[in-house]
Amino acid sequence: MRTVAVVGASLAGLSAARSLRKQGYDGRLVVIGDELHRPYDRPPLSKEFLAGSLAEADLALEPDTEDLRAQWLLGVRAVGLDCPQRAVRLADGSEVRADGVVIATGAAARTLPGTDGLAGVHTLRTLDDARALRDELTLGGRLVVIGGGFIGAEVASTAYALGLDVTVVEAAPTPLAGPLGETMGKIVSALHADHGVRLLCGVGVKGLSGESRLDAVLLEDGRSVPADIVVVGVGARPCVEWLAGSGIELHDGVKCGADGRTSLAGVVAVGDCASWYDPRAGLHRRVEHWTGARERPDAAVTALLAGGAVQPSAPRPPYFWSDQYGVKIQFAGHAAGADSVTIEEGARDDRNILAVYRRSGHPVAVLGMNQPRLFMRWRKQLAAAA
C-alpha cells in the first residue's frame with residue numbers, strides 16, 4: 001500500500017495511525033478530522049475538565065516527541081467514499097485517494113427535536129461542547145440532566161460538586177439497566193439520592209419551555225421542572241451518513257468482521273462507529289468505550305495490511321469506567337444474557353461492592369464500586385476465559 005487514509009482524528013483514529021507505523025507501514029499516511037483540534041482525551045470532559053481542575057493542554061493524546069509522519073487534514077469533514085476509486089471525498093471539494101482506508105468517524109450526541117437555537121441547552125461530546133457547558137456551570141443555578149446514563153450521571157456528579165441544584169430525568173424505570181442490569185443499575189444510580197440529587201425515573205420529556213432561553217423541562221406526565229441549564233444525555237448515533245451509497249454494509253454503524261474488516265476490501269472500521277462481530281456471542285456489537293478505541297485498531301490494522309490473511313483473535317471483553325460522587329465504578333464484560341448476579345464483596349449501602357454476573361454458572365461480567373484491585377483480578381479472569 002502506498003497511501004492509507006484514516007478518517008477520524010480522535011482516539012480510535014490516532015490509535016490506528018500509531019498501529020500502522022508500529023506494524024511497519026512506511027507509506028503515505030493521511031489523517032482526516034472534522035474538528036480543528038488535534039486528538040484529545042474525551043473521558044475527562046464530563047469530569048475533571050468540566051469541573052475546571054484539568055486544563056485543555058492536559059487532554060492532549062500526543063506527546064511532543066511523537067512524529068507519525070502523517071499529513072493531518074483537520075477541520076474538514078468527510079462527505080463520501082468512492083469505492084471504485086478508493087477516494088474519500090471531503091466537504092471542501094477535495095478528495096484523498098488511498099489504497100487502504102480506516103473508518104474512525106466515531107459517534108455524535110443525540111439531540112432533542114425542536115431545541116435548536118434555545119440558549120442553555122447542551123450536549124456533551126466534544127471539547128467545544130465541554131467549553132460551552134463549563135462556562136454556564138460556573139454561573140450556578142438549576143441544572144436538569146435528561147438521561148441517566150453514564151455521561152448524564154457524570155455531569156450530574158460534577159455539577160453537584162460545583163454547587164448547582166441538580167435533577168436527573170430518566171425515561172426508563174431504572175437508570176443504567178441496559179449496561180448493568182436492573183439490580184446493579186438501581187444500586188449505582190442510588191448515588192444520586194445519596195448526595196441529594198433528584199432522580200425522576202420512568203417518565204419521558206415532552207419538551208422544553210422558554211423563548212430565547214429555556215426556563216423549564218416539560219415532562220410527559222404533566223410536571224414541569226424549572227431549569228436554567230439542560231444537558232441532553234440520551235445516547236449517541238454512529239457517524240456513518242457519509243458512507244451512504246458507498247456499498248459498505250451499514251447496520252447500527254459500519255458492519256465489520258471480528259477483525260474490523262468491512263464488506264469492502266481494503267477498508268476497516270474502528271471505534272464508536274464500528275459494529276464488530278463478537279464470535280463468543282455470535283452477533284455484532286458496537287462498543288462505545290475508550291478501551292475499545294485504544295485496543296481494537298491493532299487488530300484492524302493487521303487485517304488491513306495483511307489483506308485478511310491473518311486469523312483474528314477474539315477481542316477482549318469490553319471494559320469501561322466511570323467516576324461519580326467520589327466512587328470509582330468499573331465494569332467488564334456483557335451484562336446482557338446473564339441469568340444471575342451476586343455481590344461477592346462489600347456492602348451495597350456503602351457503595352463499595354464487587355458483583356459478578358454469571359450465565360449457567362460461568363462468569364460473563366464483573367462490576368466494581370471502589371474495588372479496583374479485586375475488580376482487576378476478575379477482569380483478567382474474564383479475559384483469560386474468553
Side-chain angles (χ1 to χ4, degrees), residues 6-18 30-68 70-78 91 104-111 119-141 143 145 149-164 166 228-233 236 239 270-273 288-294 297 320-326 328:
V6 177
V7 189
S10 193
L11 175 62
L14 175 63
S15 297
R18 285 171 169 165
V30 183
V31 182
I32 302 162
D34 60 354
E35 293 185 65
L36 286 169
H37 311 294
R38 299 285 292 201
Y40 59 87
D41 207 16
R42 293 185 190 272
L45 295 182
S46 57
K47 301 182 282 287
E48 298 94 339
F49 181 79
L50 200 59
S53 60
L54 202 66
E56 287 189 22
D58 299 319
L59 300 174
L61 289 171
E62 302 167 278
D64 293 338
T65 56
E66 184 173 41
D67 181 10
L68 293 172
Q71 177 186 358
W72 292 82
L73 302 180
L74 300 178
V76 59
R77 183 169 50 90
T105 41
R110 298 186 186 276
T111 59
V121 181
H122 298 265
T123 56
L124 183 54
R125 185 76 186 184
T126 68
L127 176 56
D128 292 336
D129 293 340
R131 286 172 174 169
L133 179 57
R134 185 176 63 176
D135 289 345
E136 290 228 49
L137 292 183
T138 59
L139 302 176
L143 169 68
V145 178
F150 284 106
I151 289 294
E154 289 172 359
V155 170
S157 170
T158 301
Y160 162 80
L162 292 173
L164 280 80
V166 183
D228 303 301
I229 310 167
V230 161
V231 174
V232 180
C239 297
V270 295
D272 292 358
C273 70
E288 295 184 23
H289 302 310
W290 189 96
T291 308
R294 171 61 189 85
F320 62 87
W321 73 92
S322 178
D323 296 299
Q324 301 173 28
Y325 305 102
K328 181 77 170 181

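In this text, all values refer to a predicted model and were calculated from it rather than measured experimentally.
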Note to self: Within a 6.0 Å radius of atom CZ on R38, are there more than 12 heavy atoms belonging to other residues, nucleotides or ligands?
What the structure shows: yes

Extract all donor-acceptor atom pairs below 3.5 Å that involve side chains of residues 149-161 and protein atoms in other chains or at least two apart in sequence.
unit_1, atom_1, unit_2, atom_2, d
E154, OE1, S46, OG, 2.5
E154, OE1, K47, NZ, 3.3
E154, OE2, S322, OG, 2.7
S157, OG, Y325, N, 2.7
T158, OG1, S46, O, 2.8
T158, OG1, E154, O, 3.0

Next item on the list: Kindly indicate whether the side chain of W321, heavy atoms from C-beta on, has any atom under 4.5 Å from the side chain of T291.
Entry: yes

Next item on the list: Report yes if some heavy atom in the side chain of F49 is under 4.5 Å from a heavy atom in the side chain of L127; otherwise report no.
Entry: yes

Which atom pair, heavy atoms only, marks the closest approach of [X] to [Y]?
X: L73; Y: V76; value: O-CG1, 3.5 Å
X: L36; Y: G75; value: CD2-CA, 3.6 Å
X: P297; Y: G292; value: CD-O, 3.7 Å
X: A78; Y: V7; value: CB-CG1, 3.6 Å
X: G106; Y: C273; value: O-CB, 3.3 Å
X: E62; Y: R18; value: CA-NH2, 3.9 Å

What distance separates [X] [atom1] from [Y] [atom2], expressed to the nearest 0.5 Å?
X: C239; Y: R125; atom1: SG; atom2: CZ; answer: 7.5 Å
X: D129; Y: H122; atom1: CG; atom2: NE2; answer: 9.5 Å
X: L61; Y: S15; atom1: CG; atom2: OG; answer: 8.0 Å
X: L139; Y: I229; atom1: CG; atom2: CD1; answer: 7.0 Å
X: L45; Y: L50; atom1: CG; atom2: CG; answer: 8.5 Å
X: R77; Y: I32; atom1: CZ; atom2: CD1; answer: 12.5 Å

Check: Any donor and acceptor pair, going by atom type alone, linking the side chain of D135 with main-chain N or O of A132 inside 3.5 Å?
Finding: no

Item checked: side chain to side chain donor-acceptor pair (under 3.5 Å) between R42 and Y40, worked out -> CA-CA 6 Å; R42 293 185 190 272; Y40 59 87; 3.2 Å; yes

Next item on the list: Would you please name every residue forming a salt bridge (charged side-chain N to carboxylate O under 4.0 Å, His left out) with D228, sequence neighbours left out?
Entry: R142

Next item on the list: Check the pair V121, V232 against side chain to side chain contact (heavy atoms under 4.5 Å, CB included), reporting the backbone distance first and the verdict last.
Entry: CA-CA 7 Å; V121 181; V232 180; 4.1 Å; yes

Check: Only one of L74, D128, T126 clears side-chain contact (heavy atoms from CB on, under 4.5 Å) with H37; which?
Finding: D128

Next item on the list: Let me see the working for L68 and L14 under side chain to side chain contact (heavy atoms under 4.5 Å, CB included), right down to the final yes or no.
Entry: CA-CA 9 Å; L68 293 172; L14 175 63; 3.8 Å; yes

